[in-house]
Participant: 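Let me begin by handing over the structure; questions about it come next.
Quick caveat: nothing in here was measured; it's all calculated off a predicted structure. Counting starts at 1 for both ligands and their atoms, in listed order.
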Amino acid sequence: MKAVLDHVGIAVKDLDAALAFYRDALGLHVEAPEEVASQRVRARFIPAGESTLELLEATAPDSAIAKYVEKRGPGLHHITLRVDDIRAALDQLKAKGVRLVDDQSRPGAEGALVAFIHPSSAHGVLVELKQSPVSSLQSPVASQVRRYRVGDLELISLFDGFFRLDGGAMFGSVPKALWETKNPADDRNRITLAMRPLLVRGRRTMLIDAGLGGKDDAKFQEIFGVDRSRSLDDSLADAGISRDDVDVVVATHLHFDHAGGFTVRDRSGRLRPAFPRAQYVVRRGEWEDATHPHARNRACYIADNYVPLAEAGVLLFVDEDQTIMPGVKVVRTGGHTRHHQMIAIESGGRTAAFVADLIPTTTHVRDAWIMGYDLYPMDTLAAKQQFLQDAVARETLVFFEHDPNVAAGRIRGVNGRRTVQPLS
Ligand SMILES: [Zn+2]
Ligand SMILES: [Zn+2]
């Protein structure tokens with residue numbers, strides 16, 4: 001079993017008094033207090049390298065922390081080890097006769113799974129095991145095919161694996177201190193993102209974006225932390241769709257994490273369209289930009305993903321916002337790239353939207369959270385504000401193409417703050 005020290009829990013009598021040591025004497029950065037109602041504790045988190053110190057103060061006399069302090073006085077309460085597969089870890093411990101507090105894992109904070117090992121088996125230390133929600137191994141639900149109905153249309157959220165991008169670049173001018181709690185970075189400052197193409201079944205069968213595809217070499221996969229142990233082929237199979245069933249493929253834009261799956265290499269090494277019967281809808285301006293890259297956007301465009309489509313004669317260029325099939329419209333947003341487009345869906349009086357890199361993850365619903373990658377960030381801001389206002393009012397089902405955990409949700413505006421209510 002591989003385990004990483006996640007945090008150390010320290011029971012204190014008085015959180016504010018503890019600051020005299022941790023903040024004032026040691027000079028550590030201490031985060032604002034947080035109430036964990038289910039545990040009846042108030043906590044303060046102190047980042048310490050890869051791990052965190054957690055100061056825990058009881059808020060009720062029946063809280064585990066209150067009992068601990070009463071019996072043993074303040075001090076080290078537990079350590080938490082992060083494992084990849086908590087079920088396998090518990091099985092291994094059971095087989096070795098280790099006494100467990102929790103036979104099975106249970107839901108912990110922020111989508112993690114946790115289980116405690118009894119101190120009598122751990123030489124007096126209460127040990128918590130934790131499995132984080134992010135990464136394919138750790139969260140099978142993150143890669144699941146999900147079906148939604150909007151009027152006459154069936155929307156199927158697919159999955160083409162995870163990859164990693166620099167966390168700083170993903171959040172632009174937002175400091176790491178603010179984004180890292182929700183988007184933990186690895187030792188190279190990368191955060192995990194998903195690729196979630198969307199299948200729309202109506203009068204025709206349409207695929208929106210196609211993920212990274214499988215053409216990249218080992219060096220590329222290493223740089224971008226590619227994990228396609230579950231890929232688009234798996235989720236198409238789960239959805240009962242074959243590549244031949246797809247009539248139309250729509251590109252939001254031609255960056256490699258969206259257009260990579262548009263082409264495949266056949267046995268002879270030739271590149272050909274991955275969806276043999278499909279027409280590929282591409283914004284003409286995006287095509288021009290992708291085939292004439294400059295120093296600032298070159299790294300995002302890989303010609304093998306789309307030039308073979310022109311050679312095969314399967315491209316359909318669009319110049320204006322327009323309906324591609326009944327209920328499905330392409331709408332230019334600009335911002336991320338000059339001709340980036342989203343897909344607006346409307347049927348039976350209900351609305352959905354595939355917003356691609358306009359709002360890549362649920363964390364990006366806040367106005368200023370705009371990617372450093374965006375070529376025209378002020379256009380992103382304007383397009384996002386307009387979209388979100390409309391999405392809140394119409395209760396639009398919004399798809400988040402890159403969110404590692406949430407495929408789709410509705411946006412709520414509560415007291416001027418926007419939140420996403422995930423929908424599974
Ligand atoms: Zn992009
Ligand atoms: Zn992207």
Participant: Does the side chain of Arg412 reach to within under 4.5 Å of the side chain of Arg410, using non-hydrogen atoms?
Facilitator: yes

Participant: Salt bridge between Arg196 and Asp160, side-chain N to carboxylate O under 4.0 Å?
Facilitator: no

Participant: Hey, are Arg44 and Glu31 close enough for a salt bridge, meaning a charged N less than 4.0 Å from a carboxylate O?
Facilitator: no

Participant: Using a distance threshold of 2.8 Å, state whether an N, O or S atom of His255 lies below it from the Zn ion (ligand 1).
Facilitator: yes

Participant: Taking 2.8 Å as the cut-off, does an N/O/S atom of His258 lie below it from the Zn ion (ligand 2)?
Facilitator: yes

Participant: Would you say the side-chain atoms of His340 and His255 include a donor-acceptor pair closer than 3.5 Å?
Facilitator: no

Participant: Identify which one of Thr362, Asp357, Thr363, Thr192 satisfies the side-chain hydrogen bond (donor to acceptor under 3.5 Å, both in side chains) criterion when paired with His402.
Facilitator: Asp357

Participant: Examine His336 and say whether one of its N/O/S atoms is closer to the Zn ion (ligand 1) than 2.8 Å.
Facilitator: yes

Participant: Is any N, O or S atom of Glu401 under 2.8 Å away from the Zn ion (ligand 2)?
Facilitator: no

Participant: Can you give me the OD2-the Zn ion (ligand 2)-OD2 angle for Asp357 and Asp257, to 10°?
Facilitator: 150°

